[in-house]
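What follows is a set of notes on a single structure, which appears directly below.
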Amino acid sequence: MNFEGKVAISTGAASGMGLLFAENFAELGGNVVMSDVNIEVLEEKAREINARGKGKALPVPCDVRDYTQVCNVRDEAIKEFGRIDIVCNFAGGYGRRMQKVDGSLDFTEVPIEVFDWSLDVNLKGPFYFAHAVLGQMKKQNTGLIVNIGSITGAEGSAGGMDYPTAKAGLMYGLTKSIAQYGSSCNVRCVCVSPGPVLTRPDMANMKTLLGRAAEPQEIIDLILFIASEKGQFINGENIMIDGGRNAMPRR
């Protein structure tokens, strides 16, 4: 795969799969705009990528809940590189865990602000980026938006309804809608929905038909394929990469 001359935006790029995508994309010759709320770590990781002398990394701080900051990421990408070919919406997280809420609390006892944070980051953030970049992609007559769903969007979760609600919105509503909007200007949208991924050790406890969780690189490899010349006919679809968890027998 060769992404020379291509420009990607990766959100949540200071760590996890957002960082891994940025590293891979630059290694394959592409330029990447890295956004995250953790600017110190973001700048450090961008320096490491730039030191390798392949694709260029540009760190831009961004809280995806703030549309003005989202637009700034877009503007900095265009200012530095002149185009935006790919946006990967990695920024997200399970509200209770990210906000350090006592796991024993009943759903109704969790402060609504916790769920507001989760819905804003996991659903409104990707929506904001779509709204911000689609004009540029339409002008270019090309582009790809990759949303990151989750097996939880198909399974649901009684204790953390915010997360599956947001992920299902990406998987089935936003992705198809962007694909329909972009059909006249060669802009695609695909949702990649992992099962358990070893970004955290406890993910190894989630069952799959293959008997293991995914390595983060396996998820990134799929996204890179979709973005490459070989993946151009994939559009408007939610792709599960879950080791068969969604196919497991239900009680």
Side-chain angles (χ1 to χ4, degrees), residues 1-14 16-36 42 45-46 49 54-60 62 64 70-92 125-149 170 174-179 181-183 185-194 216-217 219-239 241:
M1 296 181 189
N2 188 325
F3 292 106
E4 290 183 12
K6 301 293 186 181
V7 178
I9 294 173
S10 180
T11 73
M17 290 192 289
L19 172 59
L20 187 59
F21 171 81
E23 293 171 335
N24 276 247
F25 193 78
E27 185 70 21
L28 294 168
N31 297 315
V32 59
V33 179
M34 302 169 66
S35 77
D36 200 288
L42 190 70
K45 297 302 181 182
I49 291 173
K54 296 188 178 180
K56 184 176 179 180
L58 175 69
V60 182
C62 180
V64 299
V70 169
C71 289
N72 183 59
V73 175
R74 174 202 62 198
D75 294 344
E76 290 297 315
I78 296 170
K79 178 182 176 182
E80 182 71 20
F81 300 117
R83 61 186 298 112
I84 300 169
D85 296 287
I86 303 159
V87 172
C88 288
N89 288 304
F90 290 104
F127 191 98
Y128 281 177
F129 263 96
H131 188 270
V133 305
L134 279 171
Q136 175 65 27
M137 289 182 171
K138 192 173 183 179
K139 186 186 303 182
Q140 296 168 183
N141 199 43
T142 185
L144 168 66
I145 295 175
V146 179
N147 292 322
I148 305 299
L170 295 182
L174 186 60
T175 295
K176 290 180 183 293
S177 299
I178 295 172
Y181 176 86
S183 62
C185 50
N186 200 35
V187 174
R188 297 182 295 134
C189 186
V190 179
C191 190
V192 172
S193 295
Q217 187 64 51
I219 312 303
I220 300 305
D221 286 343
L222 174 58
I223 294 170
L224 292 170
F225 176 82
I226 293 167
S228 76
E229 291 301 316
K230 294 184 177 183
Q232 294 297 304
F233 202 59
I234 303 172
N235 190 26
E237 190 56 81
N238 174 55
I239 302 175
I241 176 167

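Note that the structure is predicted; figures quoted are calculated from it, not measured. Values below: every heavy atom of this structure, side chains too, minus hydrogens, waters and symmetry copies.
Annotation: the span from F127 atom CZ to L174 atom CG amounts to 6.5 Å, rounded to 0.5 Å. The distance from the CZ atom of F225 to the CE atom of M1 is 6.5 Å, given to the nearest 0.5 Å. Taking CG of N89 as the start and CG of L170 as the end, the distance is 7.5 Å to the nearest 0.5 Å. Rounded to the nearest 0.5 Å, atoms CG (L58) and CE (M34) are 10.0 Å apart. Separation of atoms CD (E229) and CZ (F3) is listed at 8.5 Å; rounding is to 0.5 Å. From M137, atom CE reaches atom CZ of R74 across 12.0 Å, with rounding to the nearest 0.5 Å.
Using a 4.5 Å cut-off on side-chain heavy atoms (C-beta onward), I241 and S193 make no contact. In this structure, the side chains of I86 and I9 stay at 4.5 Å or more apart for every pair of heavy atoms. Side-chain contact between L134 and I178: present, with at least one pair of heavy atoms (C-beta onward) separated by less than 4.5 Å. Two residues are said to be in side-chain contact when any heavy atoms from C-beta on lie closer than 4.5 Å; R83 and T142 meet this criterion. Between C88 and I223 there is a side-chain heavy-atom pair separated by less than 4.5 Å. When side chains are defined from C-beta on, M17 counts as touching I220, because their heavy atoms get closer than 4.5 Å. T175 is not listed as a side-chain neighbour of E237, based on a closest heavy-atom distance of 4.5 Å or more. Residues I239 and I226 are in side-chain contact: their nearest non-hydrogen atoms beyond the backbone lie under 4.5 Å apart.
Using a distance-only test at 3.5 Å, with no hydrogens or angles considered, a donor-acceptor pair links the side chain of R188 to the main chain of I234. Put simply, the side chain of N147 never gets that close to the backbone of C191: no donor and acceptor are under 3.5 Å apart. At least one donor-acceptor pair under 3.5 Å links the side chain of T11 to the backbone N or O of A91. A side-chain donor-acceptor contact under 3.5 Å links N235 to the backbone of C189. In this structure, the side chain of D85 engages the main chain of V7 through a donor-acceptor pair within 3.5 Å. Judged purely by atom type and a 3.5 angstrom limit, Q140 uses its side chain to pair as donor or acceptor with the backbone of I84. With hydrogens and angles disregarded, no donor-acceptor distance shorter than 3.5 Å links the side chain of S35 to the backbone of V60.
Judged as a salt bridge (Lys or Arg N to Asp or Glu O under 4.0 Å), and not counting sequence neighbours, the contacts of K56 are E80. With sequence neighbours excluded, the residues forming a side chain to side chain contact (heavy atoms under 4.5 Å, CB included) with N141 are C185, N186, listed by chain and number. Scored by the ring-ring contact (aromatic ring centres under 6.0 Å, His included) test, F21 finds F25, F90 as partners (sequence neighbours excluded).
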